[in-house]
Amino acid sequence: LALEVLRRRDHGYHDLATIFQAIDLYDEFTVEPADELEYRGDPRIPPDIDIARRAFLEIGSERSWTGRITVRKQIPIAGGLGGGSSDAALALRLAALDDSHFDALTRARAFGADVPFFLHGGTALGRGIGDRLEPLPTPAWWFVIVVPELRIERKTATLFSRLTPDDFSSGGRVEALAARLRSGSPELPAELPNAFARQVFSYPRAAALSD
């Protein structure tokens, strides 16, 4: 719902203040019998950046899973909607069902900063690199989600690398929105901050959406 970037850490990650919101949009997984574990992801996603593939193969190997897993993507790829992260979280949730001692949260952080959120969904305030979560009441707001035909190579890394100090902020607007949600206020705020707005709207296909 909102994102502020506070600063860049020495190791390259950034401190964030953000509010995550789960929505009713999902990818479909089909599992068929097979002698070994085989993961068939979307061919449009390079295997080296497919975190869902990595999660399923890594955890599946540890837990001796077998089967052919085929993914039908419905969440737009690289649309900023957490498709890969939510799919990776599915592997962790399955492992936790199989073993009550499996530390899904710790493992989630190793796959991506937003993967911990998808273990539980709902609405949450994210701090740190987005992995320190505080559950929030889910607002009764409606949104239209538009995903323009816009391709940015290695989008997350590219957009973060292009942030300048002018894009950084205190996190106060996100904290204020979190306070509004805690209070149960029904009003949608006039502004939902997004640290990437300057970059995204520099692309004509995205800028056309703001007219």
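No experiment lies behind these values; they were computed from the predicted model shown.
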Polar contact flag, side-chain donor to acceptor under 3.5 angstrom, T66-E36: no

Separation between CG of L97 and CG of L94, rounded to the nearest 0.5 Å: 6.0 Å

From D50 atom CG to Y39 atom OH, the distance as rounded to the nearest 0.5 Å: 5.0 Å

Joint cluster assignment, F102 & L90, ILVMFWY side-chain distance < 4.5 Å: yes

Minimum-distance pair of heavy atoms, taken over all atoms of L133 and G126: CD2-CA, 4.0 Å

Working for ring pair (Phe, Tyr, Trp, His ring centres under 6.0 Å), residues F118 and F20: CA-CA 9 Å; F118 288 104; F20 294 107; 7.2 Å; no

is_close_aromatic(F160, Y13), centroid dist under 6.0 Å: no

Check ion pair E175-R127 (N to O, under 4.0 angstrom): yes

Heavy-atom pair of closest approach, residues L16 and L6: C-CD1, 3.7 Å

Minimum heavy-atom distance between I51 and A88, given as atom pair plus value: O-CB, 3.9 Å

Step-by-step side-chain contact (heavy atoms from CB on, under 4.5 Å) determination, L119 to R93: CA-CA 7 Å; L119 291 176; R93 293 170 65 189; 3.9 Å; yes

Pairwise side-chain contact, I69 with R40, heavy-atom cut-off 4.5 Å (strictly under): no

Separation of T123 OG1 from L125 CG (nearest 0.5 Å): 11.0 Å

Donor-acceptor pair, side chain of E4 and main chain of V174, under 3.5 angstrom: yes

Separation between CG of L105 and CG of D103, rounded to the nearest 0.5 Å: 6.5 Å

Cationic N near anionic O, under 4.0 Å, R182 to E134: yes

Flag if over 12 foreign heavy atoms under 6.0 Å of CZ, R205: no

E58 and R53: CA distance, side-chain angles, deciding distance, salt bridge (charged side-chain N to carboxylate O under 4.0 Å, His left out) verdict: CA-CA 8 Å; E58 182 177 314; R53 173 187 295 274; over 6 Å; no

Side-chain donor/acceptor of W65 to backbone N/O of A95, under 3.5 Å: no

Side-chain (S86) to main-chain (G83) donor-acceptor, under 3.5 angstrom: yes

Check: R109 and P116 side chains under 4.5 Å, non-hydrogen atoms: yes

Side-chain donor/acceptor of S202 to backbone N/O of Q199, under 3.5 Å: yes

Minimum heavy-atom distance P189-W141, with the two atoms named: CD-CH2, 3.6 Å

4.5 Å side-chain heavy-atom contact, I145 and I23: yes

Closest non-hydrogen atom pair between P76 and L81, with its separation: CD-CD1, 3.8 Å

P139 vs Q21 side-chain heavy atoms within contact, under 4.5 Å: yes

Flag, side chain of E38 to backbone of R68, donor-acceptor distance under 3.5 Å: no

Heavy atoms of other groups near Y203 OH, more than 12 under 6.0 Å: yes

R180 CZ: over 12 foreign heavy atoms closer than 6.0 Å: yes

Sidechain N-carboxylate O distance under 4.0 Å for D167, R162: no

Joint cluster assignment, F196 & L177, ILVMFWY side-chain distance < 4.5 Å: no

For residues 26-34, tabulate all N or O donor-acceptor pairs below 3.5 Å that involve a side-chain atom, not counting sequence neighbours.
from, atom 1, to, atom 2, distance (Å)
D27, OD1, Q74, N, 2.8
D27, OD1, I75, N, 2.8
D27, OD2, K73, NZ, 2.7
E28, OE1, R72, NE, 3.2
E28, OE1, R72, NH2, 3.0
E28, OE2, R72, NH2, 3.2

Nearest-0.5 Å distance that lies between atom NE2 in H14 and atom CG in L3: 10.5 Å

Between CG on residue L1 and CG on residue L188, distance to nearest 0.5 Å: 9.0 Å

Cluster link F117 to V5, ILVMFWY, side chain under 4.5 Å: no

Closest heavy-atom pair and its distance - D87, A52: CB-CB, 3.5 Å

Beyond-backbone contact of F111 with L92, side-chain heavy atoms, under 4.5 angstrom: yes

D48 atom CG, over 12 foreign heavy atoms within 6.0 Å: yes

